[in-house]
Visitor: 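After the structure tokens below, expect a handful of questions from me.
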Amino acid sequence: MLYPLSYEGRRRRGGETPPTRFESSAGRGHPHWAMTVQPRLGEAVATALTRLGVEATAADVHLERPQRPEHGDWSTNAALVLSRRAGKQPREVAISLVEMLNEAPPEHVTGVEVAGPGFVNFRLAPTWLYEVLREVVAEGEEHYASPDLGHGEKVQVEFVSANPTGPVHVGNGWFGSYGDALARIMSRTGWDVSREYYVNDTGNQMRELGASLLARRRGEEVSESGYKGEYVAELAQQYDGPDDVEQAGRFAADKILAEIRKTLSSLGIEFDVWYSQASIEESGRVEETVGILRERGHVFDSDGAVWLRSTAFGDARDRVLIRSDGVPTYLAGDLAYHRNKFLERGFDRVIDVLGADHHGQVASLKAGVEALGVDPERLEIRLGQLISLVGERMSKRSGHYVALSTLIETLGPDATRLLSLTSSIDQATTLDLDVVRKQSAENPVFYIQYAHARIASIGRVAAERGISRQPLDSVELDPLVHPRELQVLRDLSDLPRVVADAAVDRAPFKVTNWLRGLAADFHGFYHDCRIMDEGIAEELTEARLWLVEATRIGLAIGLALLGVQAPESM
RNA sequence: GCCCUCGUAGCUCAGCGGAUAGAGCACCGGCCUCCGGAGCCGGGUGCGCAGGUUCGAGUCCUGCCGAGGGCGCCA
């Protein structure tokens, strides 16, 4: 399977528990907590169902953590889902199930009950959360919440790829943060990820850029179709080459690209490969690709042009590959590029992150890829909704845009990144820069980072007071019974699942949401539970210090996945 | 005209077909002799509209309304 449709889907189809670190830890000799509660509950439910005459495996049993505490710690809708198979009413199945489970409850379970239309709710002793804490600490920042979902599949994430005709604007930064965070998340979950920036350094726009620069150098007006931004004038002053649009264009593009790279780098975004479109054209791969398509029988000639019969692959109309003047179209170059990705460099999967304004390219690109003999399912195109700016659209040609570098200077890199990582890229966003500036102090990133800094501060205070943590193996966690403490541990128990969902759904914002929740619950814990004080028993201090350490690990993992700093102080 | 995406609280956004739809911001009140108050606690309004699918729909399907984007021998 190339791509798991969903984490749940994998489990059901695979008939096995998700490949989390829990299993690997079992192999490293931690039998006591080698298996977390979730799979144990699944097994117990499946066994009970089977004994009731309903064929079921653990993979059939969907377990979730209910929203409401009164619904217990874990819940399953198995009775609802399987009632038809059982030929009984859901509640009837649920009641039998509960009776059976109560006869010999799984470890940690203190009660099983039927609720609502047929949910089966489990109440657990806090001990299950102590296992979570030990798990987090043992696995640490490196390994906790790093399920192997990708199995080493080679995936390329191409993102930003802004034309080198002007500085990157906030819209580019938006998708840049997204693509980079996605790459980080997929790397953690077992994919072999390569980040790529496609440099569109050919064609009319390069000549247009060169012409704009030359016009500026002569002190003339830039033509209507040219690039009017101030940066062109600045570049014109640096250019001492000949009056040649090609050369001037290349000069400008090189300078601009260096600037783009610098800006993205200041956001923590680095690419493995910067791929030049010009290099593809010069290598002859475009003609070669058209030739291959012709050999495969998907090309025809008409009106002096060369066409791809893309309608054969679901496109709304056929597309021109080579214009009647002999110049290849953008699509031809793009297909040569994608042939290179799949067939020359051997990526199993390619994710192109594009703005919704590229929507029109999707059908023909997919059709062309399929015509080349590549399963189009391997090409995944994530269209992000455009970022508009208080009603006006950003455009490099008009010079009307907000430079990403300006936003970074205003907000700082972390807040800038979080701006786009708090919501799905499917969400169309209108940025009001005044509001953004005003709210920058309330950016959620500071709330999360504050929790991390606070933990570092606790460590400093502990050191001052000569309190050091004892090895976790020798520490009893039973003193952790406060609702605030248990809530933090529940959050931590969710992280592997959250990371998996974020990877499979290509949705980094899920990590952000989880971080906000953990930070909130940690702040609550911190407020209500003194860690080191005269009235606090030594054992409680020990346990709480480990709770704090586990929280730090969780925060560090989440922040790293978003590419945001985890500061020791603020 | 056709196609795609999106419509959830005043604003920015969450919500694997499940139980009483949640956060943040804004607004109003509380809480520091304290390990960092960039914090904690309390306060209320909402699924664009109409059908359908089913035990159950914010979630899936159809139509309508609204917003953005796309439908080049441009890139």
Side-chain angles (χ1 to χ4, degrees), chain A residues 6-9 62 64 66-68 70-71 75 77 80-81 83-84 89-91 115-119 121 163 165 200 202-206 208 277 302-307 316-317 319-325 327-331 333-334 355-363 383-386 388 393 419 422-424 426-432 435-436 438-439 441-444 446-447 449-451 453-462 464-465 467 484 497 501 504-505 509-510 512-513 516-517 519-520 522-533 536 544 548 569-570:
Chain A
S6 74
Y7 192 50
E8 280 307 306
H62 172 66
E64 64 175 17
Q67 300 288 323
R68 302 179 165 278
E70 60 266 34
H71 294 145
S75 175
N77 63 355
L80 289 156
V81 173
S83 68
R84 189 163 298 180
Q89 292 298 311
R91 263 195 85 90
F119 290 98
N121 295 338
N163 294 343
T165 53
N200 208 323
T202 61
N204 286 337
Q205 60 180 8
M206 282 299 104
E208 201 68 71
Q277 185 180 15
S302 176
D303 302 326
V306 178
W307 296 69
R317 46 167 299 172
R319 310 283 171 175
V320 172
L321 292 172
I322 310 282
R323 294 195 256 151
S324 52
D325 63 5
V327 177
T329 60
Y330 180 83
L331 175 64
D334 213 12
D357 53 338
H358 290 79
H359 171 76
Q361 294 169 221
V362 175
L383 288 180
Q385 294 299 301
L386 293 187
S388 40
R393 188 174 158 185
L419 215 50
T422 50
S423 70
S424 157
D426 292 334
Q427 191 67 236
T429 305
T430 304
L431 265 192
D432 185 329
V435 173
V436 167
K438 216 175 294 171
Q439 292 188 346
E442 283 120 32
N443 190 298
F446 301 122
Y447 183 79
Q449 290 181 319
Y450 183 53
R454 204 168 219 184
I455 288 172
S457 170
I458 291 166
R460 289 189 291 268
V461 171
E464 277 168 26
R465 299 187 188 177
I467 302 172
R484 297 286 210 177
R497 179 52 179 274
D501 284 347
V504 170
D505 298 341
F509 76 91
K510 294 190 176 191
T512 312
N513 284 351
R516 291 166 82 156
F522 177 76
H523 286 309
F525 154 77
Y526 179 86
H527 184 267
D528 285 3
C529 302
R530 302 283 305 165
I531 297 163
M532 301 161 281
D533 216 338
I536 304 295
R544 283 182 171 165
V548 169
S569 65
M570 301 178 64

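Values below: all heavy atoms of this structure, side chains included; hydrogens, waters and symmetry mates excluded. Order of the sequence lines sets the chain letters (A, B, ...), proteins ahead of strands, with each chain counted from 1. Since the structure is predicted, the reported quantities are computational estimates derived from the model, not experimental observations.
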Visitor: Taking B/G15 as the reference, what is the distance to B/C71 when you measure between their P atoms (whole Å, please)?
Guide: 30 Å

Visitor: Would you mind telling me which of B/G39, B/G18, B/G72 lies closest to the side-chain atoms of A/Leu80?
Guide: B/G18

Visitor: Applying a 3.5 Å limit to both distances, which nucleotide forms a Watson-Crick or G-U wobble pair with B/C71?
Guide: B/G1

Visitor: Please work out if A/Asn121 contacts a base, only the sugar-phosphate, or nothing of the nucleic acid, heavy-atom cut-off 4.0 Å.
Guide: base

Visitor: Assign A/Ile531 to base, sugar-phosphate, or nothing according to its heavy-atom contacts below 4.0 angstrom with the strands shown.
Guide: base

Visitor: Taking any heavy-atom pair under 4.0 Å as a contact, classify A/Ser569: base, sugar-phosphate, or nothing.
Guide: base

Visitor: State, with a plain yes or no, whether a side-chain heavy atom of A/Asn77 is found less than 4.5 Å away from one of A/Glu64.
Guide: no

Visitor: How about A/Gln205 and A/Asn163: does a side-chain donor come under 3.5 Å of a side-chain acceptor?
Guide: yes

Visitor: What contact category does A/Phe119 fall into here, base, sugar-phosphate, or nothing, at under 4.0 angstrom with non-hydrogen atoms?
Guide: base

Visitor: Under a 3.5 Å cut-off for both distances, is B/C32 Watson-Crick or wobble paired, and to whom?
Guide: none

Visitor: Is any side-chain N of the basic residue among A/Lys510 and A/Asp501 closer than 4.0 Å to the acidic one's carboxylate O?
Guide: no

Visitor: Counting side-chain heavy atoms from CB outward, which of B/G69, B/A19, B/C35 is closest to A/Val461?
Guide: B/C35

Visitor: Among the nucleotides B/C31, B/C35, B/C73, which one has an atom lying closest to any side-chain atom of A/His527?
Guide: B/C31

Visitor: Side-chain N or O of A/Arg317 versus OP1/OP2 of B/G72: is the shortest distance under 4.0 Å?
Guide: yes

Visitor: Examine B/U5: is either OP1 or OP2 under 4.0 Å from a nitrogen or oxygen in the side chain of A/Gln427? Give yes or no.
Guide: no

Visitor: Does A/Ser75 make a side-chain donor-acceptor contact with the base of B/A19, cut-off 3.5 Å?
Guide: yes

Visitor: I need the OH-P distance between A/Tyr447 and B/C25, as an integer number of Å.
Guide: 8 Å

Visitor: I want to verify a distance call: between B/A75, B/C35, B/G7, whose nearest atom is closest to the A/Asn200 side chain?
Guide: B/A75

Visitor: Let me know the distance between CD of A/Gln385 and C1' of B/C13, rounded to the nearest Å.
Guide: 15 Å

Visitor: Below the 4.0 Å mark, does B/C41 have OP1 or OP2 next to a side-chain nitrogen or oxygen of A/Arg484?
Guide: yes

Visitor: Report the nucleotide, chosen from B/G39, B/G68, B/C73, that has the shortest atom-to-atom distance to any side-chain atom of A/Asp303.
Guide: B/C73

Visitor: Would you mind pulling out the nucleotide paired to B/C55, Watson-Crick or G-U wobble, both distances under 3.5 Å?
Guide: B/G18

Visitor: Assess, by modelled atom type and distance only, whether the side chains of A/Arg454 and A/His523 contain a donor and an acceptor separated by less than 3.5 Å.
Guide: yes

Visitor: Just checking A/Glu64: base, sugar-phosphate only, or nothing, at a heavy-atom cut-off of under 4.0 Å?
Guide: base

Visitor: Could you give the distance from CZ (A/Arg323) to OG1 (A/Thr329), rounded to the nearest 0.5 Å?
Guide: 8.0 Å

Visitor: Which nucleotide sits closest to the side chain of A/Ala356: B/G69, B/C40, B/C74?
Guide: B/G69

Visitor: Does A/Tyr526 put a side-chain nitrogen or oxygen below 4.0 Å from OP1 or OP2 of B/C32?
Guide: no

Visitor: So if I take every side-chain heavy atom of A/Ile458 and compare against B/C73, B/A14, B/C35, which nucleotide ends up nearest?
Guide: B/C35

Visitor: A/His523 near the nucleic acid: base, sugar-phosphate alone, or nothing, with a heavy-atom cut-off under 4.0 Å?
Guide: sugar-phosphate

Visitor: Indicate whether OP1 or OP2 belonging to B/G36 is found under 4.0 Å from a side-chain N or O atom of A/Ser457.
Guide: yes

Visitor: Tell me: CG of A/Leu321 to P of B/A75, nearest whole Å?
Guide: 12 Å

Visitor: Going by purine N1 to pyrimidine N3 plus the second Watson-Crick contact, or the G-U wobble pair, all under 3.5 Å, which nucleotide sits opposite B/A23?
Guide: B/U12

Visitor: Any idea which of B/G7, B/G36, B/G70 is nearest the A/Arg454 side chain?
Guide: B/G36

Visitor: Classify the nucleic acid contact of A/Asn77 as base, sugar-phosphate or nothing, counting any heavy atom under 4.0 Å across all strands shown.
Guide: base

Visitor: Which part of the nucleic acid, if any, lies within contact of A/Thr422, taking any heavy atom under 4.0 Å across all strands shown: a base, the sugar-phosphate backbone alone, or nothing?
Guide: sugar-phosphate

Visitor: Report the base-pairing partner of B/G44 (Watson-Crick or G-U wobble, both distances below 3.5 angstrom), or none.
Guide: none

Visitor: Over how many whole Å does the gap from A/His359 atom NE2 to B/C74 atom P extend?
Guide: 21 Å

Visitor: Check the geometry between A/Tyr450 and B/G39 and answer yes if their rings are stacked (centres below 5.5 Å, planes below 30°), otherwise no.
Guide: no

Visitor: Looking at B/A19, I'd like to know if its phosphate oxygens (OP1 or OP2) sit under 4.0 Å from a side-chain N or O belonging to A/Arg91.
Guide: no

Visitor: From CD1 of A/Ile322 over to P of B/A75, roughly how many Å is that when rounded to an integer?
Guide: 11 Å

Visitor: Looking for any heavy atom pair under 4.0 Å, which part of the strands does A/Gln449 touch: base, sugar-phosphate only, or nothing?
Guide: nothing

Visitor: Looking at the side chain of A/Asp426, which of B/C6, B/C35, B/G18 is the nearest nucleotide?
Guide: B/C6

Visitor: Using Watson-Crick or G-U wobble geometry with both distances under 3.5 Å, which nucleotide pairs with B/A50?
Guide: B/U62

Visitor: Nearest to the side chain of A/Arg319, which nucleotide is it out of B/A14, B/G72, B/G36?
Guide: B/G72

Visitor: Ignoring backbone atoms, test whether A/Arg323 places a side-chain nitrogen or oxygen under 4.0 Å from the OP1 or OP2 oxygen of B/C74.
Guide: yes

Visitor: Could you tell me if the side chain of A/Arg319 sits less than 4.5 Å from the side chain of A/Trp307, heavy atoms only?
Guide: no

Visitor: Base, sugar-phosphate alone, or nothing: which one does A/Arg530 contact when heavy atoms must sit under 4.0 Å apart?
Guide: base

